[in-house]
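So the structure is just underneath, and the comments pick up after that.
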Amino acid sequence: MATYLDELNDVQKKAVTTTEGPVLVIAGPGSGKTRVLTYRIAHLIETGVAPWEILTLTFTNKAAREMKERITHVVGDKGNRVWAGTFHSIFARILRVEADKIGYPSSFTIYDTSDSKSVLTSIVKELNLDPKVYAVNGLLKRISSAKSNIIPPKAYAADANLMSQDRMSKRPYLHKIYEKYTARCRRAGAMDFDDLLFQLYVLLRTNPDNVREKYQRRFKYILVDEFQDTNFLQYAILKKLAVYEGSPMNICVVGDDAQSIYAFRGATIDNILELENDLKGLQVFKLEQNYRSTEHIVQAANEVIQRNKRQIQKKIWSDKGAGHKIKVIKAVSDSEEGKRIADSILEQKSRHHLSNSEIAILYRTNAQSRVFEEYLRRYNLLYRVYGGLSFYQRKEVKDFIAYLRLTINPHDEEALKRVINYPKRGIGKATIDKISAHAGAAGKTMWAVLTEVPLSARASKSIAIFRKLILSFKEQAAMSNAFDAAHFIARHSTMIKTLDEDKTVEGLGRKENFNAVLDGIKEFVENDELLDEATLPDKSLASYIQSIALHTDLDNESENTDVITLMSVHAAKGLEFKSIYVVGLEEKLFPSSMSMETTEQIDEERRLFYVAITRAKEYLTLSFANSRYRFGKMAYNEPSRFLDEISPLHLEQGVPVKGKIVKEVNTGPQRARVVGNFKRKSAAPTFRVDPANFKPSPSSSIQVGMNVLHLKFGEGKVLSIDGGESDRIATIAFKDIGNEQKRIVLRFAKLQVL
DNA sequence: GGGGGCTATGGGGGG
DNA sequence: CATAGCCCCC
């Protein structure tokens, strides 16, 4: 038997070696999920399956890359021939080959979110609708969700339920916008992120030239990571590929319902529950041992997630010992939070000898990174921020990429609009509007009508020059590699010159970013390792554009430097660090104010919190701030409810969060409370005891008749104790509150024996 | 008709 | 705090 199997526990081994038929692996955090997936692939290859017959779908490029690395580590170079990638990237690759079968050019453009929004903005304007009512964010969500549920525009308009929802939300023309949006994208030869899934589904369903059978035959073994994050559409595609007459249904999905955090983009744990019906003979394996974290962390996570109603029963456990308790940090302001976290990091580094790369700060929203950056910089701690404004979203980068996109696909309307007058070449708004209107009326793209729109002599001349420019780019791209083409474009578009003229600090930064793109392209051309092994070593501009379309910030490996990681909780999924800081734990922030309406939403936020805390191997620190500068004004929020959901057992000395008791007393004057968006249900807790002088006694030492001190209730006398050995409940009369009797669970409460 | 500067508005998570 | 839309000047 292969030696790699020795590294697995019994359940893991079964999950790896049960290669035939459908398999569901329920994998708790840190349970060796990736190990199971990679070894399963290695095992398939070792037992004679060809690497290219294996399809592995993940949600991030990083996960796919890591998996490939680990597979090649076990089986050698041939591991690179496995089809491993994100849903979006693998499907895009298939669509490049098959696009003509569903009426798209193989050079189709991938619209990112901002492209999509821009299309929607122009449609709303065209239809003369109120842009406030028809806000593009909402529209895009609605359209995205329609696609994710396989509802094309026609079906949408025919759906009484959806239509009535739109009428109720005062957006009766939404279906019209959806229809126009779809037509507009198709005309431009563009697919948005959802189309990469949706069009692949269309391809498989309509099955031109029996293309479905082709892929059913090709992918003999299918593996899906993070299955809990798949939506209805993704699941439908998987079924098309794996479930058919005479199919062996060799599909293995790995997931954890407790870590489902993408409901907002249509993910549904129904998919996990549906599996049993759809895949007859499904074998289920549960990985419940956590190899990542110490017990306080695992148990706290269990306590938290336990509150969610609907979930697959499992008991995550660890044998790594109790470990360190969880630390809670309270700050008066967001800025102080930044300082305290930085202080704590310094302390941790020196006391526990942690390197930067073993530490991560996780937040709910990317906007929170700023204060932490500020203090880390001040303390000379190296860090790297992931997500947020990604490199490819910077203006100068987008502008240049737009030129490259336009070169490959001149019908790419968004790219054209971006650069038609950048750098300035005398094509103003009025001219652009004319072309756009003409194109709309003719049902063509702006590029297609450039020469037929009646314009002033001056404008016509500018347009002709622009058109010739792009055509020259096309010519250049056809006969040279991506770097030479890009360099040609950079020069002749006069972007280089324009950027060089800007001598401001920001301008220099922009030039630097611009150069970084060129460097990236050079690397792409020179370095074969960057190429996907499954594609030919195609160094064309088209190939480059394709390779970066689905890139995210997360994919750029930092150059092995020792840096602290700052990222959103979403981005941290699948990662682990020795020390984790989960910050901004306040109501309306985490849980997000936008997800507090329903139990379902709160449950998803809770799963997110669960994901956050289970990233930690040894040290977990949670923090919140009393006040926070947000949207230009001060906001005051209470500590997150999630803090209360961890029993004090797992928290460092005497920090019951419930009463918002602080370990360290606030420094500086208390800021005057602002009336307004600050709703507090109860008054601030009054302490009868100075927290600084309070020393809680071990709960086991509490006996009947003792006089004890409680932070909130003051001095009291223990009247009786009942309950079991492990959950003793004391009845105590507190004289400071009129001898009121309280029943106190000793396991949780902090009492000091007098 | 094009270009530049100003005000108003909106602001989650990610492929 | 960033971007879009608006207004005014050339």
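Listed by residue number, the members of residues 257-267 of chain A with any heavy atom below 4.0 angstrom from DNA chain B are A/Y262, A/F264, A/R265. Residues from residues 122-140 of chain A lying near DNA chain B, meaning a heavy-atom separation below 4.0 Å, are A/K132, A/N137 in numerical order. Within a heavy-atom distance below 4.0 Å of DNA chain B, the residues of residues 192-200 of chain A found are A/F193, A/D194.
Here A/S568 lies in heavy-atom contact (under 4.0 Å) with sugar-phosphate atoms only. At the heavy-atom level, A/Q601 lies nowhere under 4.0 Å from the strands shown. Contact annotation for A/R364: base contact, defined as any heavy-atom pair under 4.0 Å involving a base atom. Nucleic acid contact class of A/K395 (heavy atoms, under 4.0 Å, all strands): none.
Base pairing in DNA chain B yields stems of at least 3 consecutive Watson-Crick or G-U pairs, both distances under 3.5 Å, namely B:1-10 with C:1-10.
Nearest nucleotide to the A/E604 side chain, out of B/dG13, B/dG4, B/dG12: B/dG13. Minimum atom distance to the side chain of A/R458 is reached by B/dG2, of the listed B/dG2, B/dG14, B/dG12. Comparing B/dG1, B/dG3, B/dG12 by their nearest atom to the side chain of A/T365 picks out B/dG12. Side-chain atoms of A/F631 lie closest to B/dG11 of the nucleotides B/dG11, B/dG15, B/dG3.
A/K573 meets the salt bridge (charged side-chain N to carboxylate O under 4.0 Å, His left out) test with A/E226, A/D229; sequence neighbours excluded. The ring pair (Phe, Tyr, Trp, His ring centres under 6.0 Å) test applied to A/H570 returns A/Y262, A/F264, not counting sequence neighbours.
Evaluation of atom-type donor-acceptor distances gives a pair under 3.5 Å for the side chain of A/S595 against the base of B/dG12. Counting atom types as modelled, A/E605 pairs a side-chain N or O with a base atom of B/dG12 as donor and acceptor under 3.5 Å. Between the side chain of A/K633 and the base of B/dG11 there is no donor-acceptor pair of N/O atoms closer than 3.5 Å.
Checking A/E336, A/E638, A/E587, A/E337 one by one against A/R628, the salt bridge (Lys or Arg N to Asp or Glu O under 4.0 Å) holds for a single residue, A/E337.
A/K117 has no side-chain polar atom (N or O) that falls below the 4.0 Å cut-off from OP1 or OP2 of C/dT3. At the phosphate of B/dG14, neither OP1 nor OP2 sits under 4.0 Å from any side-chain N or O atom of A/T60. Contact annotation: A/T431 side-chain N/O to B/dG2 OP1/OP2 distance is under 4.0 Å. OP1 or OP2 of B/dG14 lies within a sub-4.0 Å distance of a side-chain N or O belonging to A/N366.
Checked against the 6.0 Å centroid criterion, the rings of A/Y111 and A/F193 do not qualify as a close aromatic pair.
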_Please determine whether salt bridge (Lys or Arg N to Asp or Glu O under 4.0 Å) holds for the pair A/E414 and A/R418, giving the CA-CA distance in whole Å, both sets of side-chain angles, and the decisive distance to 0.1 Å._
CA-CA 6 Å; A/E414 298 312 306; A/R418 226 187 145 84; over 6 Å; no

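No donor-acceptor contact under 3.5 angstrom links the side chains of A/S456 and A/K461, judged on distance only.
Contact annotation: the side chain of A/L455 approaches that of A/T431 to within less than 4.5 Å [non-hydrogen atoms, C-beta and beyond].
Salt bridge annotation for A/K339-A/D334: absent, with no cationic side-chain nitrogen under 4.0 angstrom from a carboxylate oxygen.
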